[in-house]
Structures are given as structure tokens and as C-alpha cells.
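Here the structure comes first, spelled out in C-alpha cells, and everything after it is commentary.
All values reported here derive from a predicted model rather than from experimental measurement.
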Amino acid sequence: ADISTTLAGVKLPNLLFNASGVCCQTEADLKLMVESESGSLITKSATFEQRDGNPSPRYTPLPGGIGSINSMGLPNEGYEYYLNYAKNYDYSSKKPLFISLSGLSLADNVKMCEAFVAADLPCVLEINYSCPNVPGKPQMGYDLEAMEHSLSVLAPIIKKPFGIKLPPYFDIAHFDQAAAVFNKFDNLAFVTCINSVGNGLAIDFETEEALIKPKDGFGGLGGLMVLNTALANVNAFHRRLPGKQVIGVGGVVSGKEAFLHVLAGASAVQIGTQLKEEGPGAFARIAKELSDIMVAKGYKTLEDFRGKVKTL
Ligand SMILES: C=Cc1c(C(=O)O)[nH]c(=O)[nH]c1=O
């Protein structure tokens with residue numbers, strides 16, 4: 001079956017790529033993504049300066065394959081590293097490049113966006129408003145007024161279609177209020193739902209210790225356990241953002257969850273925890289599983305079932 005898609009006007013040979021943060025911090029990581037069967041790739045969220053991030057242990061999978069917890073603390077090589085990567089990227093390849101930016105201030109986001117715009121490259125920007133792990137920095141995704149102000153400054157600078165990475169919302173009123181903000185920006189072409197469920201706490205039963213070191217063990221939750229929150233956010237924004245697209249991320253461990261994300265309304269699907277645990281071979285496996293599911297159900301393309309979840 002045809003699992004290709006178009007996102008922000010850019011053609012992806014298949015709908016799968018990495019969630020920003022996983023397999024994408026260094027050129028070596030990104031090379032693995034280019035060589036994988038993913039349809040695209042996105043870089044680790046960049047800040048203006050290079051960051052080491054939080055002390056380790058700062059990521060761990062959770063027992064029983066239910067998911068993961070992380071408090072990486074936005075480690076990255078600094079935006080100029082990713083700008084350089086984007087300048088040298090082979091855009092003739094069939095895989096489009098996405099760039100994640102997560103400035104620690106609006107001023108930093110402005111400077112980074114201006115640099116990418118000045119370089120005039122085919123890559124697509126995804127502004128991350130939802131990093132839950134920078135101590136002392138509340139994530140902007142939960143401050144709609146601040147996010148609207150940020151978008152009113154950045155959208156005109158970026159000019160081209162771009163996207164934003166959102167935290168999960170858990171209240172219908174918040175879906176409504178957030179969508180009302182996003183619908184004000186014509187070149188805001190997609191929203192990526194969801195980032196990790198912020199500030200969970202994983203505790204080892206035997207040792208009675210928190211599993212990760214930063215923030216007293218508090219970190220973002222990902223993996224299968226966040227699937228149903230992710231599907232809700234994908235569908236809520238699919239319903240509320242006419243003319244815009246949604247990238248679905250959260251809980252994709254097989255073709256089945258990728259299928260459910262598209263059924264909920266996703267135009268593309270990112271994979272985080274499962275990619276971290278299985279490696280880039282996950283893309284070929286999940287792509288085949290999704291294709292087989294579509295054949296079994298009689299769907300030829302993603303459009304045949306995108307957003308067509310049935311209500312009772
Ligand atoms: C960009 C920082 C993020 C991080 C991090 O670097 O701690 N972890 C996440 O789960 N989501 C993020 O957005």
C-alpha cells in the first residue's frame with residue numbers, strides 16, 4: 001500500500017520519521033536516520049548555544065515495554081551545528097529535512113529563525129514549545145498568551161510553512177483555546193502532537209530510588225503508555241485546525257499504532273521511545289506492518305482513512 005504523504009507542502013516517501021530528540025543530536029545520529037527506511041528526519045531541538053544537558057541517568061525505558069522517562073535537559077550541539085548540517089544536506093535525496101528549534105528565550109528563537117531564513121534552505125522548521133525538562137523554564141505550550149506572542153513574532157519571520165511541537169493537553173477547553181491561537185497564523189502549517197507527558201516520576205520498587213537523576217526523578221513520559229493521550233491530541237487538533245496538518249507522535253510501537261494515529265487525523269507519524277529502544281530498523285518494520293494492515297483493510301492510500309475514526 002502507498003504510505004507516502006505530503007507535509008507542509010513537502011513530499012515524504014513514507015509518513016514515518018523520528019521524534020525530535022531521538023537519533024538526531026549529532027551528524028552520526030542523523031546519518032543513521034538518512035540510511036534508515038524513515039520517510040524523513042528531524043534534528044534535536046537546538047538552542048542558541050551548545051548544551052550538555054542534565055546529569056545522567058537522564059533517560060530510561062520503563063519495565064514491561066510500557067514506555068520511557070527522560071529528563072535530558074535539552075542537550076544539543078547549538079543551532080549553528082544544525083544550520084551547517086542543513087546547508088550541507090542533500091536535498092536531492094527523497095527524504096526532506098526538518099529542523100527543531102527550542103530557544104530558551106524569544107530573542108534566541110528570533111535569532112535562530114532569522115539565520116535559517118537567511119540561509120534560504122528547503123528544510124522545514126518545527127518550533128518546540130514543549131520541552132518539560134529545563135529546570136526553571138516552564139514550558140511555553142501551557143502558556144497560551146506567551147505562545148501567541150511568540151508566534152506573532154516568529155511566523156512573519158519564518159514566512160514559509162512551519163510547525164510547532166506541542167505538549168499534551170488534557171482539557172477540552174484547552175484544545176479550544178489553543179486551536180483559537182493556532183488558527184491565527186496562516187503559515188503555521190502543522191502541529192506535532194504530543195511531546196512527552198511532562199513531569200512523571202518513575203520509582204524502582206526494590207531500591208526505592210527514582211530511576212533518573214535530574215529534578216528529583218521527574219521527567220517526560222513517552223512510549224506505549226501515552227498512546228491514548230497522543231491519539232486524543234491528534235484528533236482534537238485535526239478537528240479544530242481546518243487547513244492545517246497534524247504530525248502524530250506518542251506510543252507508536254508497531255504498524256497498528258501508526259494506523260491509529262492516521263485514523264485520528266495524523267498526516268505523518270514520529271517515533272521516539274520505540275526508535276530509542278529498537279534502533280532505526282524500527283522504520284522498515286513499522287512501515288511494512290502499516291502497509292500490511294492497509295492491504296488487509298482494503299485501504300490503498302493514507303487519505304483513504306485519515307481522520308476517519310468513527311464515533312458511536
Ligand atoms: C527539547 C527538549 C525535550 C527534552 C529534553 O531534552 O529533556 N525531552 C523531551 O521529552 N521533550 C523535549 O522537548
Side-chain angles (χ1 to χ4, degrees), residues 3-5 7 10-47 50-53 56-61 65 67-68 70 72-102 121-126 128 131 163 165 192 195-196 220 222-224 247-255 257-258 261 268-291:
I3 60 170
S4 71
T5 191
L7 198 62
V10 174
K11 182 98 172 115
L12 281 66
N14 76 62
L15 77 166
L16 303 176
F17 58 123
N18 62 303
S20 176
V22 182
C23 198
C24 60
Q25 180 167 339
T26 65
E27 293 198 35
D29 296 332
L30 293 161
K31 186 168 185 290
L32 290 175
M33 282 303 304
V34 169
E35 291 166 352
S36 79
E37 291 300 305
S38 71
S40 182
L41 66 158
I42 185 166
T43 55
K44 169 66 184 176
S45 293
T47 46
Q50 178 276 343
R51 285 174 59 88
D52 292 340
S56 292
R58 59 190 191 181
Y59 168 89
T60 184
S68 66
N70 92 82
M72 306 302 287
L74 202 36
N76 74 96
E77 308 302 315
Y79 89 99
E80 285 161 319
Y81 182 96
Y82 304 105
L83 178 57
N84 189 54
Y85 181 82
K87 285 176 177 172
N88 295 318
Y89 189 75
D90 172 14
Y91 294 98
S92 71
S93 84
K94 56 188 187 339
K95 276 193 194 190
L97 173 65
F98 290 71
I99 298 287
S100 176
L101 299 176
S102 184
L121 300 166
C123 51
V124 180
L125 296 181
E126 180 185 271
N128 184 353
C131 179
K165 178 72 169 285
T192 304
N195 207 319
S196 51
L224 196 55
I247 298 179
V249 47
V252 178
V253 300
S254 75
E257 296 78 27
H261 268 276
V269 169
Q270 295 175 348
I271 303 172
T273 300
Q274 188 59 31
L275 171 59
K276 176 81 178 176
E277 293 307 306
E278 179 175 346
F283 292 111
R285 174 178 66 83
I286 293 172
K288 178 169 182 347
E289 289 169 349
L290 174 59
S291 180

Using modelled atom types and a 3.5 Å cut-off, is there a donor and acceptor pairing between side-chain atoms of [X] and backbone atoms of [Y]?
X	Y	result
N70	Y59	no
E277	T273	no
Y82	Q25	yes
H261	Q270	no
K95	S36	yes
N14	E37	yes
S20	T43	yes
Y91	L97	no

Separation between CZ of F98 and CD1 of I247, rounded to the nearest 0.5 Å: 5.5 Å

Nearest-0.5 Å distance, OG of residue S254 to CD of residue Q274: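 Going from the OG atom of S254 to the CD atom of Q274 covers 8.5 Å.
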
Within the structure provided, determine whether [X] and [Y] are in side-chain contact (heavy-atom separation under 4.5 Å).
X	Y	result
C24	L41	no
L7	V124	no
S93	V34	no
L12	P96	yes
K44	P75	yes
D29	T26	yes
Y89	I99	no
E278	R285	yes

Passing option when V252 is tested against L224, L290, L275, I271 for side-chain contact (heavy atoms from CB on, under 4.5 Å): I271

More than 12 heavy atoms of other groups within 6.0 Å of K31 NZ: no

Exceeds 12 heavy-atom contacts within 6.0 angstrom, atom NZ of K276: no

Check: N76/T47 side-chain N/O donor and acceptor closer than 3.5 Å: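 Their side chains do contain a donor-acceptor pair, which is all the 3.5 Å distance test asks for.
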
Smallest separation among heavy atoms of C131 and N195, with atom names: N-ND2, 4.2 Å

